[in-house]
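Here the structure is laid out as structure tokens; the discussion comes afterwards.
Side-chain atoms are counted along with the backbone in the values below, which use heavy atoms only and exclude waters and symmetry mates. Residues: numbered from 1 along the sequence shown.
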Amino acid sequence: INNSTDNSTDIYSQVRGVLGQREEGARVVGWVQYPLSVTLFSMSSATNGHDSFIGCYLLRSHHPKARWRTYIGFTVNPLRRIRQHNGELTQGAWRTKRWRPWEMVVVVYGFADQRTALQFEWTWQHAETSLDVKDACRAMRGIVRKRGADKLKGVSGQILTLFAILSTSPWKYFPLKIRFLSGEVW
């Protein structure tokens, strides 16, 4: 992603470009328009000093043999959670131990409660089989195939899956926000 002065417009134009949309001025992902905030930010601004942060995140491995590996999780404290994934703190991150170091690239937040965030996490992890979003993911896979790719892999595939999920019910009705922590998402 190009870090220009107007990051949100730049991100929207790139997402529209990936999905084949050329509509100017609208926040459109795929075929559905929905309320969404997308910005670049630093990790420390994720919590904004509030204890009520509830979110899901996408990690990318920087291991030389696994740069395409991703992990989707849930957290109430992104700073602590990424330190757990990278082994700086103990407990709670055994699944990501093998492919360290990890970088948190995207955070989705604005959930009313932990239960809703955990449901969203499960949906994002199992998008191909979730009854709510599997049709949107199939449509997204069709768009990706037209561009020469075979599957929704890696970080860009997970982000496209995220936007497909956010275009479906019930997720399109939630006031969720997306923050990109890395400028090298695509």
Trace of the side chain to side chain contact (heavy atoms under 4.5 Å, CB included) decision for Leu181 with Tyr57:
CA-CA 10 Å; Leu181 303 169; Tyr57 59 88; over 6 Å; no
[Y] side chain reached by [X] side chain, heavy atoms, under 4.5 Å:
{"X": "Phe174", "Y": "Thr116", "result": "yes"}
{"X": "Phe53", "Y": "Thr75", "result": "yes"}
{"X": "Ile178", "Y": "Val108", "result": "yes"}
{"X": "Gln114", "Y": "Val76", "result": "yes"}

Do [X] and [Y] pair up side chain to side chain, a donor and an acceptor below 3.5 Å, judged on atom types alone?
{"X": "Tyr71", "Y": "Arg95", "answer": "no"}
{"X": "Gln84", "Y": "Glu88", "answer": "no"}
{"X": "Ser182", "Y": "Arg60", "answer": "yes"}

Heavy-atom pair of closest approach, residues [X] and [Y]:
{"X": "Ser169", "Y": "Asp132", "result": "O-CB, 3.9 Å"}
{"X": "Gln158", "Y": "Trp124", "result": "O-NE1, 3.2 Å"}
{"X": "Pro78", "Y": "Met104", "result": "O-CE, 3.8 Å"}
{"X": "Val155", "Y": "Thr70", "result": "N-CG2, 3.7 Å"}
{"X": "Ala127", "Y": "Ile165", "result": "CB-CD1, 4.2 Å"}

Going hydrophobic residue to hydrophobic residue with side-chain gaps under 4.5 angstrom, can you get from [X] over to [Y]?
{"X": "Leu160", "Y": "Trp68", "result": "no"}
{"X": "Leu59", "Y": "Trp122", "result": "no"}
{"X": "Leu89", "Y": "Trp102", "result": "no"}

Distance in Å, [X] [atom1] paired with [Y] [atom2], rounded so as to fall on 0.5 Å steps:
{"X": "Leu176", "Y": "Cys56", "atom1": "CG", "atom2": "SG", "result": "9.0 Å"}
{"X": "Tyr173", "Y": "Thr168", "atom1": "OH", "atom2": "OG1", "result": "9.5 Å"}
{"X": "Phe163", "Y": "Cys137", "atom1": "CZ", "atom2": "SG", "result": "13.5 Å"}
{"X": "Tyr109", "Y": "Lys177", "atom1": "OH", "atom2": "NZ", "result": "5.0 Å"}
{"X": "His126", "Y": "Ile72", "atom1": "NE2", "atom2": "CD1", "result": "9.5 Å"}
{"X": "Leu162", "Y": "Ser156", "atom1": "CG", "atom2": "OG", "result": "12.5 Å"}

So does Gln119 get a backbone contact from the side chain of Thr123, meaning a donor-acceptor N/O pair under 3.5 Å?
yes
Do the rings of Phe120 and Phe111 sit parallel, tilted or perpendicular, given the 30° and 60° boundaries?
tilted
Per side chain to side chain contact (heavy atoms under 4.5 Å, CB included), Lys65 is matched among His63, Arg69, Arg67 by His63
